[in-house]
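Step one of this worksheet: look at the structure below.
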Amino acid sequence: MATCALPARAAVDNDLPIRWNTGGAVWSTNQGAMATFLESGEVTDRGLEGGLNRSGWTADEVREGLNKTYNVDLIGVSRFLYSADGVKFLKNQTTSYFPYWSKTEYSVQALRSAIIADARDGQISSAGIMVNLPVDMRLADFCNTYTGAQNVCAEGRCQGEAQCTSLLSWYVFLPACIQANQMADPVAQVRTSAPAPAAAEPMPIRGLW
């Protein structure tokens with residue numbers, strides 16, 4: 001059975017990338033259980049098993065999606081994530097998934113940090129973003145405020161409520177959305193898109209008198 005190389009993990013306190021606050025009980029899925037699933041496809045964690053069952057995809061499809069890499073430009077990704085549109089995007093992407101203790105107060109910073117950390121080598125993946133989360137994260141469904149549904153950034157690509165709202169489906173689509181929204185250097189863009197200067201009109205020949 002083929003195995004997948006896992007992304008390098010940042011030196012951060014994020015052993016619990018998913019603390020499921022959905023359903024009848026709270027359950028935490030740790031990085032070790034995720035690593036086992038990503039490498040071999042084996043599911044050793046009941047929270048992960050439940051998440052897979054609610055994802056709208058087969059376990060193999062989720063595993064393939066989480067491991068898939070996308071080429072990106074670190075500066076272009078950073079430029080987008082720090083822009084007004086990027087902050088709006090990050091807020092929209094963390095409606096129910098955010099830092100365990102601070103909730104939505106630092107959700108933008110947490111997700112942005114993970115994406116940028118993963119983009120340093122010019123590639124991103126769902127697995128890489130997850131392993132670079134700076135803090136433990138929770139999927140919340142409580143207090144009539146959080147619904148446990150994520151805004152999957154794949155309009156027209158997901159089908160049905162599970163694929164369009166589940167956490168693992170959200171993770172599968174996230175890197176492609178980042179790749180599509182990275183912003184090119186505006187100076188370089190101008191240089192490459194500006195029309196070439198017209199050839200100068202030759203000076204009229206002047207006589208010596």
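The residues of the chain are indexed from 1 along the displayed sequence.
Remark: side-chain polar atoms of Ser125 are not paired, donor with acceptor, to backbone N or O of Thr69 under 3.5 angstrom. When atom types are taken as modelled, the side chain of Asp136 and the backbone of Asp15 share a donor-acceptor pair closer than 3.5 angstrom. With Asn92 contributing its side chain and Lys88 its backbone, the two residues share no donor-acceptor pair below 3.5 Å. Distance alone, capped at 3.5 Å, is enough to place a donor-acceptor pair between the Arg63 side chain and the Leu38 backbone.
A distance of 7.0 Å separates CG of Asn71 from CD of Gln179, quoted to the nearest 0.5 Å. With rounding to the nearest 0.5 Å, the separation of NZ in Lys91 from CG in Leu111 is 13.5 Å. Interatomic distance, Ile124 CD1 to Tyr70 OH, rounded to the nearest 0.5 Å: 8.5 Å. Note that CD of Gln182 is 11.0 Å distant from CD1 of Ile75, once rounded to the nearest 0.5 Å.
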Pair Glu105-Phe98, side-chain contact (heavy atoms from CB on, under 4.5 Å): steps then yes or no: CA-CA 9 Å; Glu105 184 176 1; Phe98 40 69; over 6 Å; no
Steps toward side-chain contact (heavy atoms from CB on, under 4.5 Å) verdict (Thr147, Thr165): CA-CA 10 Å; Thr147 66; Thr165 63; over 6 Å; no
Chi angles and distances behind the side-chain contact (heavy atoms from CB on, under 4.5 Å) call for Tyr100, Val135: CA-CA 8 Å; Tyr100 185 80; Val135 292; over 6 Å; no
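Taking Thr94 as the reference, Ser107 meet the side-chain hydrogen bond (donor to acceptor under 3.5 Å, both in side chains) condition, with sequence neighbours excluded.
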Pairs under 3.5 angstrom only: tabulate donor-acceptor contacts from the side chains of residues 168-177 to other protein residues two or more places apart or in another chain.
| residue | atom | partner | partner atom | Å |
| --- | --- | --- | --- | --- |
| Ser169 | OG | Trp57 | NE1 | 3.0 |
| Ser169 | OG | Gln163 | O | 2.5 |
| Trp170 | NE1 | Gln93 | OE1 | 2.5 |
| Tyr171 | OH | Tyr97 | OH | 2.8 |

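In this structure, Trp27 is a member of the same hydrophobic cluster as Leu52, with clusters built from ILVMFWY side-chain heavy atoms closer than 4.5 Å.
Contact annotation: the side chain of Leu66 approaches that of Phe37 to within less than 4.5 Å [non-hydrogen atoms, C-beta and beyond].
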